[in-house]
Number of protein chains: 2
Amino acid sequence: MSSKATIVDVARECGLSQATVARVLNGQKEIQVKEKTRKRVLSAARKIGYERNALAANFRRQKTKNIAISIADLTNPFFPELIKGVQNKIREYGYSIVQLNNEWNPKIEQDNFKYIIQSRLDGAIISPSHPRANLKILKQLPIVLLTNSNEFSGYDTIANDSKGGMNLALERLFELGHRNIALLTGGSMMTAGSSWRLQTMKNFCSNRNIPFSEDLCIKCDMSVSSLESFSQARAAMRKFLNKDTPATAIFASNDILALAALHVANEKGIKVPDELSIIGMDGILSGEISYPTLTTVEKNRSQIGSLAAKSLIEKIESPHEWQTKKIILPCKLIERSSSGPVRGKK
Amino acid sequence: MSSKATIVDVARECGLSQATVARVLNGQKEIQVKEKTRKRVLSAARKIGYERNALAANFRRQKTKNIAISIADLTNPFFPELIKGVQNKIREYGYSIVQLNNEWNPKIEQDNFKYIIQSRLDGAIISPSHPRANLKILKQLPIVLLTNSNEFSGYDTIANDSKGGMNLALERLFELGHRNIALLTGGSMMTAGSSWRLQTMKNFCSNRNIPFSEDLCIKCDMSVSSLESFSQARAAMRKFLNKDTPATAIFASNDILALAALHVANEKGIKVPDELSIIGMDGILSGEISYPTLTTVEKNRSQIGSLAAKSLIEKIESPHEWQTKKIILPCKLIERSSSGPVRGKK
DNA sequence: TAATAAAATGATAACGTTATCAAAATCAAG
DNA sequence: CTTGATTTTGATAACGTTATCATTTTATTA
């Protein structure tokens, strides 16, 4: 029938107690059971087609060997590779992933958190949808946040040094002679990160004593799907390039935005990098196959995923002896063909 | 403490039976409980911070409200959008996704299937890693396969009409005057689909009475990560273009391969589409932002995901009155800038 | 108001595993 | 062979919910 064989059925079949059967089938170590009985159990289990009921086991132990990954949008090319990194790491430990998207919607995000708690998942890797995301409900749970925002002081976090990475790009542009650098970034202050980007830009400009005005800030929406983000960035870029801008270079907050800028430049016949240098951030595949290929500040997402997973599992499996850990990985500037020394404008 | 409040604690707190409390907190319909007691329960639950233990509930009902999605590789840009489609649909029904990757490894895939069974997930959406993937273990489970291979005759399947889509592209290229069309595709016969592609190509050529030889078949590996696939395809393309080939057009099995071809063409100074037309398949983001933009045979992944989810949930929730369903969605040719009429060769 | 029907609540037995402790079997040493 | 230590097995109580009844309360009707 539809109802599966249980441990009791196996016990009956082989004439041993269910305790012994359990030890053979689901016991942790190979210890404490005779080879002969082990075989007796296994053949009985195979005979009646026993499949472990993880539901019952999870319930009994109040553990699931599942962890959540909460992100905004899976179609954002940043995440799949990160998740893959997590996946590969946790497989070693026998965990699985429950994948939760929130579409940048804090309400859905909150529902997802509630789901995590109610499903008694063992832990969670969370990319907060915004800098003040409400994590209260998760306070008893081992979690690792994918952010370097200082809003999350009590939590374990892991992220790339985006600020440092941004400076890497800006310094390189300065070195190449650029003095009018535009910033293409998300406009909403709700979005994690957009305000520090503006601040980093201002700091850089004042340090280097070069001008920065609101005119050099191209705002669009990052808290939407990649496609929408791309299309909005293009619109913003068109508008920006229609004004006779002094910018000789653009730093974009992520590769999608950078590729949008590149697209518009191609469309308008502006030569990249001769007339305009463009640097993105993340290091997604699209940037490796664009024309020209995209200079970018790379974040090693697979590494982040892997480290986040490792951290989380250590935290899950030895909750004592744990102290809050903040990991910040350096970014790497990958110079491809969308950036170069400043030359004349059209 | 770490141990959470249970339904019994709530019952004690509000002086009602646990049955009544259960009815209020987890009961399906709003029926059969007085407004007054409902409030009494809810306030008690809130007071002692009760969170439903889904582990216990799932165990008792032998249902998880979780479905699996089994794919080869999440970083393949084909899948995230598909999963998003699934995600958005199942949210309506209160289900969640357990995400399983197999890295094209049948052994991992089989382990994942076992996991699905043992975790008593309610159903699964499966993209088989190869045409003879062993689904035996899943036979009692509601599943929907993402394939149009006829190897899976007893199963519900849903996929785009790839063959038809491929013909769409080939016919269009023929119409544009192309008579020497190369096929860029996966080389291994293990890979789902690569043999029918070759067959479709041969059929088309013999129908249209144009030549096709092994020389016009550029083989690389599709059963690897996108990045690797891209790089292998580039190598194959370089080799192909070094021979003085008569091809004026290339049809690639997916957009990654097509973009690799485009990349090599750009690299070699071959003008696309003037000297070489390239058409891909899938409709991924990278193809919209490449230069030139990529003509492609689009598969609506989000729609597939959504339909697969709907099908699966219907099957889960009314297992009777179900008959095997095979859905084949048409592809759509999207003509962008990488294809055009045949002209002179270099 | 009594008798009956209907609605609301209560008592309790599963679900299948793991964990704990007790009992039995085996082994080692005198 | 006994005794004691050690290994192996067995009996049984949870885990927290849902589902099935039985019971009580409330509503309806004569």
Side-chain angles (χ1 to χ4, degrees), chain A residues 1-42 44-45 48-66 94 117-122, chain B residues 1-42 44-45 48-66 94 117-122:
Chain A
M1 280 310 289
S2 165
S3 66
K4 307 240 165 149
T6 76
I7 230 171
V8 182
D9 299 321
V10 179
R12 194 182 310 118
E13 177 69 27
C14 64
L16 289 161
S17 75
Q18 61 168 303
T20 304
V21 172
R23 264 185 288 259
V24 172
L25 295 175
N26 308 317
Q28 16 258 36
K29 287 279 172 189
E30 330 266 325
I31 49 165
Q32 241 166 358
V33 56
K34 255 180 159 174
E35 195 51 33
K36 200 172 150 191
T37 57
R38 147 173 263 99
K39 276 181 184 163
R40 195 138 70 101
V41 170
L42 287 175
I48 67 174
Y50 170 80
E51 288 287 350
R52 175 177 210 240
N53 187 334
L55 244 45
N58 290 345
F59 165 59
R60 174 61 230 246
R61 326 170 70 165
Q62 292 294 313
K63 292 198 170 197
T64 57
K65 283 258 178 182
N66 280 354
I117 293 303
Q118 297 195 338
S119 299
R120 303 292 195 271
L121 302 186
D122 293 346
Chain B
M1 282 308 286
S2 166
S3 65
K4 307 241 164 150
T6 76
I7 228 171
V8 181
D9 300 321
V10 178
R12 194 182 311 117
E13 176 70 27
C14 65
L16 289 160
S17 76
Q18 61 168 304
T20 304
V21 172
R23 265 185 287 260
V24 172
L25 294 175
N26 308 317
Q28 16 258 38
K29 286 281 175 187
E30 330 266 323
I31 48 165
Q32 239 163 3
V33 56
K34 254 178 159 174
E35 195 50 33
K36 199 171 153 192
T37 57
R38 144 172 265 101
K39 275 181 184 161
R40 194 136 71 99
V41 170
L42 287 175
I48 66 175
Y50 170 79
E51 288 287 351
R52 176 177 208 241
N53 187 334
L55 243 46
N58 289 345
F59 166 58
R60 174 63 231 245
R61 326 171 69 167
Q62 291 294 311
K63 292 200 170 194
T64 57
K65 283 257 177 183
N66 281 353
I117 294 302
Q118 297 196 339
S119 299
R120 304 291 196 273
L121 302 187
D122 294 345

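Below, chains carry the letters A, B, ... as their sequence lines are ordered, and counting in each starts from 1.
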May I have the distance from [X] (atom [atom1]) to [N] (atom [atom2]), rounded to whole angstrom?
{"X": "B:Asn53", "N": "D:dA14", "atom1": "CG", "atom2": "C1'", "answer": "14 Å"}
{"X": "A:Leu25", "N": "C:dT18", "atom1": "CG", "atom2": "P", "answer": "9 Å"}
{"X": "B:Asn58", "N": "C:dT17", "atom1": "CG", "atom2": "P", "answer": "16 Å"}
{"X": "B:Ile7", "N": "C:dA11", "atom1": "CD1", "atom2": "C1'", "answer": "14 Å"}
{"X": "B:Arg60", "N": "C:dG16", "atom1": "CZ", "atom2": "C1'", "answer": "12 Å"}
{"X": "B:Arg61", "N": "C:dC15", "atom1": "CZ", "atom2": "P", "answer": "16 Å"}
{"X": "A:Lys63", "N": "D:dC15", "atom1": "NZ", "atom2": "C1'", "answer": "15 Å"}
{"X": "A:Leu16", "N": "C:dA24", "atom1": "CG", "atom2": "P", "answer": "16 Å"}

What contact category does [X] fall into here, base, sugar-phosphate, or nothing, at under 4.0 angstrom with non-hydrogen atoms?
{"X": "B:Leu55", "value": "nothing"}
{"X": "B:Ala57", "value": "sugar-phosphate"}
{"X": "A:Asn26", "value": "sugar-phosphate"}

If an axis is fit to five pairs at each end of the helix from C:dT1-D:dA30 to C:dG30-D:dC1, what is the angle between the two, to the nearest 10°? 30°
Donor-acceptor pair (no angle test) under 3.5 Å: A:Arg120 side chain, D:dG16 base: no
Does the side chain of [X] get closer than 4.0 angstrom to OP1 or OP2 of [N] through an N or O atom?
{"X": "B:Thr37", "N": "C:dT9", "value": "yes"}
{"X": "B:Thr6", "N": "D:dG16", "value": "no"}
{"X": "A:Thr20", "N": "D:dG10", "value": "yes"}
{"X": "A:Arg52", "N": "C:dT18", "value": "yes"}

Does A:Ser119 use its side chain to pair, donor to acceptor, with the backbone of A:Leu121 at less than 3.5 Å? no
Would the distance check show the side chain of A:Arg40 and the main-chain N or O of A:Cys14 forming a donor-acceptor pair, the cut-off being under 3.5 Å? yes
Both A:Glu51 and B:Arg40 contact DNA chain C. Which one's nearest nucleotide lies toward the 5' end? B:Arg40
Considering all heavy atoms of both residues, which atom of [X] and which atom of [Y] are nearest to each other, and what is their separation?
{"X": "B:Ala45", "Y": "B:Val10", "answer": "N-CG1, 4.0 Å"}
{"X": "B:Ile48", "Y": "B:Glu13", "answer": "CG2-OE1, 3.8 Å"}
{"X": "A:Leu55", "Y": "B:Thr64", "answer": "CD1-CG2, 3.3 Å"}
{"X": "B:Lys63", "Y": "B:Asp122", "answer": "CA-OD1, 3.6 Å"}

A:Gln118 pairs by side chain to side chain donor-acceptor pair (under 3.5 Å) with which of B:Glu51, B:Lys4, B:Arg52? B:Glu51
Out of the candidates A:Asp9, A:Val41, A:Leu25, A:Leu42, only one should pair with A:Tyr50 under the side chain to side chain contact (heavy atoms under 4.5 Å, CB included) rule; please name it. A:Leu25
Determine if A:Phe59 stacks with D:dC15; use a centre-to-centre distance below 5.5 Å and an interplanar angle below 30° as the criteria. yes
Counting side-chain heavy atoms from C-beta on, which of [options] comes nearest to [X]?
{"X": "A:Gln18", "options": "C:dT9, C:dT17, D:dA11", "result": "C:dT17"}
{"X": "B:Ala19", "options": "D:dA11, D:dT26, C:dG10", "result": "C:dG10"}
{"X": "B:Ala56", "options": "D:dG16, C:dT17, D:dA19", "result": "D:dG16"}

